[in-house]
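To start, the structure itself, in structure tokens.
The sequence lines fix the lettering, A, B, ..., with proteins before strands; numbering per chain opens at 1.
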There are 2 protein chains.
Amino acid sequence: MAETTRHPDHRYGNRPTMKDVASRAGVGLKTVSRVVNGEPGVTADTERRVQEAIEALGFRRNDSARVLRKGRTASVGLVLEDLADPFYGPLSRAVEEVARAHGALLINGSSAEDPDRERELALALCARRVDGLIVIPAGDDHRYLEPEMRAGVATVFVDRPAGRIEADAVLTDSFGGARGGVAHLVAHGHRRIGFIGDQPRIHTAVERLRGYRAAMEDAGLPVDDAWVSLGSTDPGRVRDAVAAMVDGPQPVTALFAGNNRVTVTAVRELSGRARPVALVGFDDIELADLLGITVVAQDAAALGRTAAERLFRRLEGLPEAPARVELPTTLIARGSGEVPPA
Amino acid sequence: MAETTRHPDHRYGNRPTMKDVASRAGVGLKTVSRVVNGEPGVTADTERRVQEAIEALGFRRNDSARVLRKGRTASVGLVLEDLADPFYGPLSRAVEEVARAHGALLINGSSAEDPDRERELALALCARRVDGLIVIPAGDDHRYLEPEMRAGVATVFVDRPAGRIEADAVLTDSFGGARGGVAHLVAHGHRRIGFIGDQPRIHTAVERLRGYRAAMEDAGLPVDDAWVSLGSTDPGRVRDAVAAMVDGPQPVTALFAGNNRVTVTAVRELSGRARPVALVGFDDIELADLLGITVVAQDAAALGRTAAERLFRRLEGLPEAPARVELPTTLIARGSGEVPPA
DNA sequence: TTGAAAGCGCTAACAG
DNA sequence: CTGTTAGCGCTTTCAA
């Protein structure tokens, strides 16, 4: 038997509601709700009739309405820099797994390193009433999140701390990692070591530079201004920086790369040169083992997991004051960092 | 003047509503709505009063309620395999950019290659009433999406086609790419060429194998059963497959790797061997240039962009029948594929 | 220019 | 075991 023709001038995407299911099954609205949510107190027979109506109508519960009523969305937001960067894939995936274990969905967005876009995204997520927010800051002022946090949006910062507000943060020990990596180069005989890092507005860049300086100072080595370059991780910029340090009047014999993007470009640039230059990079890279690149590895997945777990603990009411957690790094020697000075 | 104490036993995350703003500003609810949405017909003075109340209260519109009323969520869902896989990062980011250009948010989730989880995720996204859905299939039966699609959820499949339903699909030309890659090995003198690919339930694995067979047949070369291995991309499994083919009784002189995971493991496994084995991999990898790995490259970002653009065209009412789009591959010769037979 | 009333689809609270 | 009613916070409609 053909179905009755639907009213045609209806909103696109018109879908059956619980009311429709109820009338089709000849039961009350609440009974449908019970069946859909697996609540007890429905006879097997009634349940079957309701299920049939659901199937026949192609009903699916509208979670927007549910959320509106319940107040919780069972979703968390993740604002990161760029999902296409191999550092964030595993991080995001780790957050997703924790969220999934708590029955929550993950909504993530890329800030593209633009503070305005970070803010816009984070606030859009708040408007969708995510239960919690994990933010990898692009900007350095997060006061815009204060009203949201006061209103109950749990917030955890990852990879970089929040700016100008008190909030949980899960970070990698950038300072210690860089210091150890540079000390490694020193231990292999280098005295003129260059540092190429990310924009100075980025917290990790500053911390790693600080680690570099500490290691140099520990070894009693001077640092020439020409050996330090902070800026965009754009390949052209990094390439120029490498060339300037390696071919300059005070040529470095070793380089410390401040993050994975810089390492990759540095490896490419150095691979074309006759005189070997030692290299240690912050953050591991796929296939670095085959290329023999020595790195100070950080665990992106652990970063995401730790942050997400803290977020859900907050959601469960953890009263504790905001804290900063630092995850350790691991130096992995593969050859490039053990090259002696030329 | 101190604010009146809030009723304490209220739901956590209690937030001011438009009603609160309205009463604080001494205006009607609808006027607040007008201001929040930038609708015309509000005097500058009224608007200012409303804005002040919004600031003071830390009001942010609840999009759940808005969605319930409007019927559209301005969000699209993306179900992929694993965000931690470097192939999906750029794809997801490309989808995000297109969504953003259309004012939509992206909600993505990983199926972990589990068909049940794919289904669960896709349906959860439908329950949240995403306007559209982009799916990278893990399973091969998508009839579960039929009611959703009928109800108006625009759906586009990427990387692999939908199973048992008619739907838009944006794919890479796996057959042609693999055929070309294997032909490249043949052109360099190889006659015994192995193929290691993903699970046979995955469409691209089958297509690439088909391309391999076609190229062998084109060259009039036989294919020994021992030269073909489909299965999990788990490093152990791939390692064993490589060893079996290279050390077997009919040793291959060249390998075609069916995807990026396989390529990486194959490179690692082959790097330890005395006798050189030629290698061409499907899908490019970061740093493959430095390692001299010849690949058949596909453009993950283009895949995502094309799919997302099609999705939004559907959302705008494109009436056309479901179509399959195939994107071309590019052979990039870097050395490993040009090694002559040992 | 402004606002009151209805209702989006669901769940909570309470009756039967 | 089942159903009715109210209302989540917003937009739509219509009247002032």
Side-chain angles (χ1 to χ4, degrees), chain A residues 7 9-50 53-54 57-74 126-129 131 151-152, chain B residues 7 9-50 53-54 57-74 126-129 131 151-152:
Chain A
H7 203 95
D9 56 358
H10 215 293
R11 192 176 78 253
Y12 185 64
N14 176 35
R15 307 193 60 150
T17 70
M18 284 193 179
K19 202 170 147 197
D20 300 327
V21 174
S23 66
R24 166 138 190 164
V27 301
L29 175 57
K30 180 64 198 177
T31 299
V32 177
S33 175
R34 288 200 179 90
V35 171
V36 169
N37 296 301
E39 284 167 26
V42 183
T43 46
D45 183 60
T46 309
E47 170 159 5
R48 193 185 39 70
R49 280 192 2 255
V50 171
I54 287 175
L57 262 32
F59 169 80
R60 180 161 312 282
R61 183 181 65 198
N62 184 332
D63 278 353
S64 294
R66 171 170 230 248
V67 155
L68 181 58
R69 195 59 242 248
K70 301 203 79 151
R72 286 253 164 150
T73 55
C126 290
R128 305 241 165 173
R129 294 294 188 269
D131 299 330
Chain B
H7 202 94
D9 57 356
H10 215 294
R11 193 176 77 254
Y12 185 63
N14 176 35
R15 307 192 60 149
T17 70
M18 283 192 178
K19 200 171 148 196
D20 300 328
V21 174
S23 68
R24 166 136 188 166
V27 300
L29 174 57
K30 179 62 200 175
T31 299
V32 176
S33 175
R34 288 199 179 90
V35 171
V36 169
N37 296 301
E39 284 167 26
V42 182
T43 49
D45 183 60
T46 308
E47 171 160 4
R48 193 185 40 70
R49 283 198 351 262
V50 171
I54 287 175
L57 261 32
F59 168 81
R60 182 162 312 282
R61 183 180 66 198
N62 183 333
D63 278 354
S64 295
R66 172 171 230 249
V67 155
L68 182 58
R69 197 60 243 252
K70 301 204 80 152
R72 287 252 165 152
T73 55
C126 290
R128 305 241 164 170
R129 295 292 188 270
D131 299 330

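The side chain to side chain donor-acceptor pair (under 3.5 Å) test applied to T43(A) returns T46(A), not counting sequence neighbours.
One atom, CZ of R128(A), and another, C1' of dC8(D), lie 18 Å apart when rounded to the nearest Å. At whole-Å resolution of the value, CG in L68(A) and P in dC8(D) are 9 Å apart. Whole-Å rounding puts the R49(B) CZ to dT1(C) P distance at 15 Å.
Within 4.0 Å of V27(B), counting heavy atoms only, lie sugar-phosphate atoms of the nucleic acid but no base atom.
Paired with M18(A) under the rule side-chain contact (heavy atoms from CB on, under 4.5 Å), one option of I54(A), L29(A), T31(A) passes, and it is L29(A).
For the pair N37(B) and R61(B), the minimum side-chain heavy-atom distance is below 4.5 Å. Under the 4.5 Å side-chain criterion, counting only non-hydrogen atoms from C-beta, R15(B) is not in contact with N62(B).
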Show the distances under 3.5 angstrom between N or O atoms of the protein and N or O atoms of nucleotides 10-14 of chain D.
residue: dC10(D); atom: OP1; partner: N62(B); partner atom: N; Å: 3.0
residue: dC10(D); atom: OP2; partner: M18(B); partner atom: N; Å: 2.6
residue: dT11(D); atom: OP1; partner: N37(B); partner atom: ND2; Å: 3.2
residue: dT11(D); atom: OP1; partner: R66(B); partner atom: NE; Å: 2.9
residue: dT11(D); atom: OP2; partner: S33(B); partner atom: OG; Å: 2.9
residue: dT11(D); atom: OP2; partner: N37(B); partner atom: ND2; Å: 3.4
residue: dT11(D); atom: O2; partner: R69(B); partner atom: NH1; Å: 2.8

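Distance alone, capped at 3.5 Å, places no donor-acceptor pair between the R60(B) side chain and the A127(A) backbone.
Here T43(A) does not reach the OP1 or OP2 of dC1(D): none of its side-chain N or O atoms lies under 4.0 Å away. Look at T46(B) and you'll find a side-chain N or O under 4.0 angstrom from OP1 or OP2 of dT2(C).
In this structure, OG on S33(A) lies 8.0 Å from CZ on R66(A), to the nearest 0.5 angstrom.
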